[in-house]
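Notes to accompany the following structure.
Note that this is a predicted model, so its numbers are computed, not measured.
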Amino acid sequence: MNQKNKIAILGCGWLGITLAKKLIKKNFLVKGSTTSFNKIDKIEAEKIEAHLLLVEEKKIIGNISDFLKNVKTLIINFPPSKTTLGKYSKKVQKIIVEVKKSNVKNILFISSTSVYGHNEGIINYDCIPIPSSFRGNEILKAEKIIQGFKNSCIIRFGGLIGKDRNPTISLSNKKNVKNPDHPINLIHLDDCIGIILSIIEKNIWGKVFLGVSPYHPKRKEFYNNQCKALGLKEIYFSKINMGLGKKINDQNISNELGYEFKRPKF
């Protein structure tokens, strides 16, 4: 089969399955992977070619060769798990070994702004990441592995928000929340999809993009307004601000991709 319009999404979860549906509407042929046998039927119901794959440090369980066969673009979209966090970059390395055996031309890696842990102030594409957590360090290691592949692109997404997913809900269960004056760095699912589609359709590789909405109100203001809208009890924020916080903006989203945010204020 001609690979021109064939895309594989390694990790068909909340973001992945929505992305796959949008790609199919644009006449792409899409393969999607899951680690759960129970999700196969759900994936196939969306006209996605489903594959059961589990990436481990030393091996990949499932037919990875079949998953990558005739694929032009691979989207790697699985985050580090809490139980195997220290093995994340090694898992990504294992994927790249298999990709190099295939005819895959492009890799798009879904990363995270957690790589900017210790950074403060205005963050853009020129800022060198300074992770503050083991998770951030592992993701940054994985990025460097991906960048060894010639036609690769990395998107560092901020906190995700959208239908059936709102960080306000988990935050509302916490007590004495710190950093009330730090700016938020979120992005709506619709814009995650829009940025990914722009990269694929415009064939832009060899870049790192920061996928964060240009809307940065203070955490206390934003989350308590969300609580009112969702009918939740107001969050108690302490007066403690650890440092300045960060405001993540990437002018390359508009300058190089020509992308305009659809849901800048969610």
Side-chain angles (χ1 to χ4, degrees), residues 7-11 13-16 18-20 22-23 26 28 72-80 88-89 92 95-96 99 104-117 119 121-131 135-162 183-216 246-266:
I7 292 177
I9 302 174
L10 186 61
W14 184 73
L15 169 60
T18 307
L19 172 61
K22 292 287 186 183
L23 286 166
K26 288 181 172 288
F28 286 94
K72 181 180 181 181
T73 299
L74 171 65
I75 300 172
I76 300 176
N77 176 47
F78 73 97
Y88 182 69
S89 59
V92 171
I95 295 165
I96 294 301
V99 167
V104 170
K105 305 296 183 187
N106 312 310
I107 296 178
L108 198 159
F109 182 63
I110 305 302
S111 186
S112 165
T113 55
S114 62
V115 298
Y116 293 110
N119 295 74
I122 302 297
I123 308 298
N124 59 33
Y125 51 86
D126 289 325
C127 294
I128 297 172
I130 310 174
R135 182 178 189 274
N137 271 300
E138 276 296 297
I139 293 173
L140 193 58
K141 284 182 186 178
E143 284 190 4
K144 290 177 181 177
I145 292 167
I146 296 294
Q147 287 172 321
F149 191 84
K150 184 179 178 181
N151 276 19
S152 62
C153 189
I154 292 167
I155 312 176
R156 294 171 180 157
F157 281 131
L160 304 181
I161 189 169
I184 64 164
N185 292 284
L186 301 177
I187 183 169
H188 194 278
L189 176 62
D190 291 350
D191 286 311
C192 292
I193 303 298
I195 291 170
I196 292 170
L197 290 177
S198 292
I199 290 168
I200 293 170
E201 292 176 337
K202 295 180 180 180
N203 204 32
I204 295 177
W205 306 100
K207 300 287 184 180
V208 176
F209 293 103
L210 282 54
V212 177
S213 166
Y215 177 57
H216 301 285
K246 57 183 69 69
K247 187 180 290 186
I248 301 172
N249 288 310
D250 185 359
Q251 293 301 316
N252 281 344
I253 293 289
S254 57
N255 294 344
E256 293 199 25
L257 281 183
Y259 182 77
E260 185 176 341
F261 281 83
K262 299 177 179 69
R263 301 285 295 271
K265 295 188 177 181
F266 325 120

Residues Ile123, Thr113; criterion side chain to side chain contact (heavy atoms under 4.5 Å, CB included); working and verdict: CA-CA 10 Å; Ile123 308 298; Thr113 55; over 6 Å; no

Atom of [X], atom of [Y] and distance for their closest heavy-atom approach:
| X | Y | value |
| --- | --- | --- |
| Ile195 | Phe157 | CD1-CE2, 4.4 Å |
| Tyr125 | Val208 | CB-O, 4.5 Å |
| Ser89 | Ala142 | CB-N, 4.0 Å |
| Pro80 | Arg135 | CD-NH2, 4.0 Å |
| Pro131 | Gly136 | CB-C, 3.7 Å |
| Asp126 | Asn124 | N-OD1, 2.9 Å |

Using atom types as modelled and distance alone, determine if a side-chain donor or acceptor of Asn119 lies under 3.5 Å from a backbone N or O of Pro129. no

Got a sec, which residues hit ring-ring contact (aromatic ring centres under 6.0 Å, His included) with Phe149, two or more places apart in sequence or on another chain? none

Should the heavy atoms of other residues, nucleotides or ligands under 6.0 Å from CD of Glu201 be counted, would the total exceed 12? yes

May I ask you to check whether over 12 heavy atoms, not counting those of Lys150, lie within 6.0 Å of atom NZ? no

Between Leu197 and Leu23, is a side chain to side chain contact (heavy atoms under 4.5 Å, CB included) present by the stated rule, with each step listed? CA-CA 8 Å; Leu197 290 177; Leu23 286 166; 3.4 Å; yes

Please determine which of Ile75, Ile154, Ile9, Leu10 meets the side-chain contact (heavy atoms from CB on, under 4.5 Å) test together with Ile110. Ile75

Option among Ile187, Leu210, Ile199 that satisfies the side-chain contact (heavy atoms from CB on, under 4.5 Å) test with Ile155: Ile199

Any side-chain heavy-atom pair from [X] and [Y] closer than 4.5 angstrom?
| X | Y | value |
| --- | --- | --- |
| Asn106 | Cys153 | no |
| Lys144 | Val92 | no |
| Ile204 | Phe209 | yes |
| Leu15 | Ile193 | yes |

Got a second to check how far [X]'s [atom1] is from [Y]'s [atom2], nearest 0.5 Å?
| X | Y | atom1 | atom2 | value |
| --- | --- | --- | --- | --- |
| Phe261 | Ile253 | CZ | CD1 | 5.5 Å |
| Asn249 | Ser254 | CG | OG | 10.0 Å |
| Asn151 | Leu108 | CG | CG | 11.5 Å |
| Gln147 | Ile107 | CD | CD1 | 11.5 Å |
| Lys262 | Ser213 | NZ | OG | 12.5 Å |
| Tyr116 | Ile128 | OH | CD1 | 10.0 Å |

CA sep, side-chain torsions, deciding dist, call: Ile146, Ile96, side chain to side chain contact (heavy atoms under 4.5 Å, CB included): CA-CA 7 Å; Ile146 296 294; Ile96 294 301; 3.8 Å; yes

Lys207: side chain to side chain donor-acceptor pair (under 3.5 Å) partners, not counting sequence neighbours: Glu256

Determine, for Glu138 against Lys141, whether the closest basic-nitrogen to carboxylate-oxygen distance falls under 4.0 angstrom. yes

Do the charged groups of Asp190 and Arg263 touch, with an N to O distance under 4.0 Å? yes

Taking the six-membered ring for Trp, are Tyr88 and Phe109 parallel (under 30°), tilted (30 to 60°) or perpendicular (over 60°)? tilted

In sequence, state the C-alpha distance, the side-chain angles, and the governing distance for Asn185 and His216, and then conclude on side chain to side chain contact (heavy atoms under 4.5 Å, CB included). CA-CA 6 Å; Asn185 292 284; His216 301 285; 3.2 Å; yes

